[in-house]
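Here's the structure we're looking at; comments come further down.
Atoms within each ligand, like the ligands themselves, are counted from 1 in listed order. Here the structure is a predicted model, which means the values were calculated and not measured.
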Amino acid sequence: MNTTQTNKIEIIKAITSKINEVDFDNLHFGEIFTDHSFECDFTNGEWQKPIIKPYAPFLLDPSAKVFHYGQAIFEGMKAYKDDNNDLWLFRPKENFKRFNNSAKRMAMAEVPEEIFMEGLKQLLRLDETWIKKGKGNTMYIRPFMIATGTGVIANPSDDYKFMIILSPAKSYYSGEVKVLIAEHFSRAANGGIGAAKAAGNYAAQFYPTNLANKAGFHQVIWTDDATHTKLEEAGTMNVFFRINDTLYTAPTSERILDGVTRKSLIDMAKRENIEVVIRPVLVSELVEGAKDGSLKEIFGAGTAAVVNPITGFSYQDVYYELPKIENSLALQLKDKLTNIQHKLAEDTFGWTVKI
Ligand code: COI
């Protein structure tokens, strides 16, 4: 192994690369990881020396609090390579801020900006050959933090491990996405952790989503826990509805994740003079819109999936198929956004950051 030190990060390079074993044309989301990972531990009340080292499993004490009390948070980000081989991140400060908001809500240590950003940049530079050029090719970045402190007493850990791993990615969903509107299960509740990117928020979705899958649906559209009348998120994404020519999406709240793709789409749509209304959207409006034809589109928005058109929804055992439309707003906005991300269009918003 070859060890160097750059900007305070120790770097231990892998002896061999796995890159030649990867079929970049047939990637399944989140299954392949690059040669290195970034790691920084919080112990004795302070952040220790960060390190980049060969990607590998690691040991944890069986009583580590992450296993028992679920102190675990993460982020989803992407890096892009342009035609000049330059590397770009998309609004990384938004992810950094949200990461520490999640940390605060889960009573975990907050990560200093320099550790987060330098870790990202140096890891991406080291595994740069894994980032392929061309629209559709991205490097999905997964920063995460777990409680490594030991003991099964139910209190916050004193120790944490912050890591970043990288996974080359193409699309998240393939093909059509049919959804089931939640009538009983909830993703989040007022005063809860729905706005945090906490691992448990995703675990709690698995059982109802499995039931939806068995019934022939790909995802669940979550509704508010108190009344199940307001539409909140779609699976792992924020959700937009187009009624006639207006886009609707729910306001962020304690129950809804403040998605970076969500807020970018809102800004882009407004710039295109598309009317965007941010207010609670009722299930009854969706059903009415599907019946009278004013509901034109539903789409999910998130880092992994970018923009994902939803082809139909089921509510109270009735399936409503959306009409197929040419030149959908979902695909127009996705195209504009990915052009900015891949540096194929001018970034007039100032969202892209060169690494
Ligand atoms: C993302 O879109 O980055 C997410 O975090 C969703 C994840 C479950 C893939």
Top protein contact for [atom], by heavy-atom distance:
atom	result
atom 9 (C) of ligand 1	Tyr172 CE1, 3.6 Å
atom 7 (C) of ligand 1	Arg142 NH2, 3.8 Å
atom 3 (O) of ligand 1	Tyr140 OH, 2.6 Å
atom 5 (O) of ligand 1	Lys197 NZ, 2.7 Å

Quiz item: Among the heavy atoms of Glu75, does any lie under 4.0 Å from an atom of ligand 1?
Solution: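 Glu75 does not count as a contact of ligand 1 under the 4.0 Å cut-off.
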Quiz item: What do you reckon, does Met237 put a non-hydrogen atom under 4.0 Å from ligand 1?
Solution: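 Distance cut 4.0 Å: Met237 fails for ligand 1.
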Quiz item: Is there a donor-acceptor pair closer than 3.5 Å between any side-chain N or O of Lys18 and the backbone N or O of Phe33?
Solution: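 At least one qualifying donor-acceptor pair exists.
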Salt bridge check, [Y] against [X]: does any charged N sit closer than 4.0 Å to a carboxylate O?
X	Y	result
Glu321	Lys178	no
Glu297	Lys324	no
Lys263	Glu94	yes

Practice problem: Examine Lys78 relative to Tyr140 and say whether NZ or CZ is less than 6.0 Å from the centre of the six-membered ring and inside a 45° cone about the ring axis. | Solution: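 Verdict for Tyr140: no cation-pi partner in Lys78.
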Quiz item: So Phe162 and Phe116, would you call those rings parallel, tilted or perpendicular, with 30° and 60° as cut-offs?
Solution: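 Parallel.
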Quiz item: If you count the non-hydrogen atoms of other residues, nucleotides and ligands that lie under 6.0 Å from NZ in Lys336, is the total more than 12?
Solution: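 12 or below, so no.
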With nothing but distance in play, are any N or O atoms of [X] less than 3.5 Å from an N or O of ligand 1?
X	answer
Thr236	no
Ala304	yes
Tyr202	no

Practice problem: Taking atom types as modelled, find out whether Asp61 and Ser63 have a side-chain donor-acceptor pair closer than 3.5 angstrom. | Solution: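 Yes, Ser63 and Asp61 have a side-chain donor paired with an acceptor closer than 3.5 Å.
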Practice problem: Considering the heavy atoms of Gly76, write down every atom of ligand 1 situated less than 4.0 Å from one of them. | Solution: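 Those qualifying, in numeric order: 3 (O).
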Quiz item: Near Phe74, which atoms of ligand 1 are under 4.0 Å from a heavy atom of that residue?
Solution: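 Taking each heavy atom of Phe74 in turn, ligand 1 has 5 (O) under 4.0 Å.
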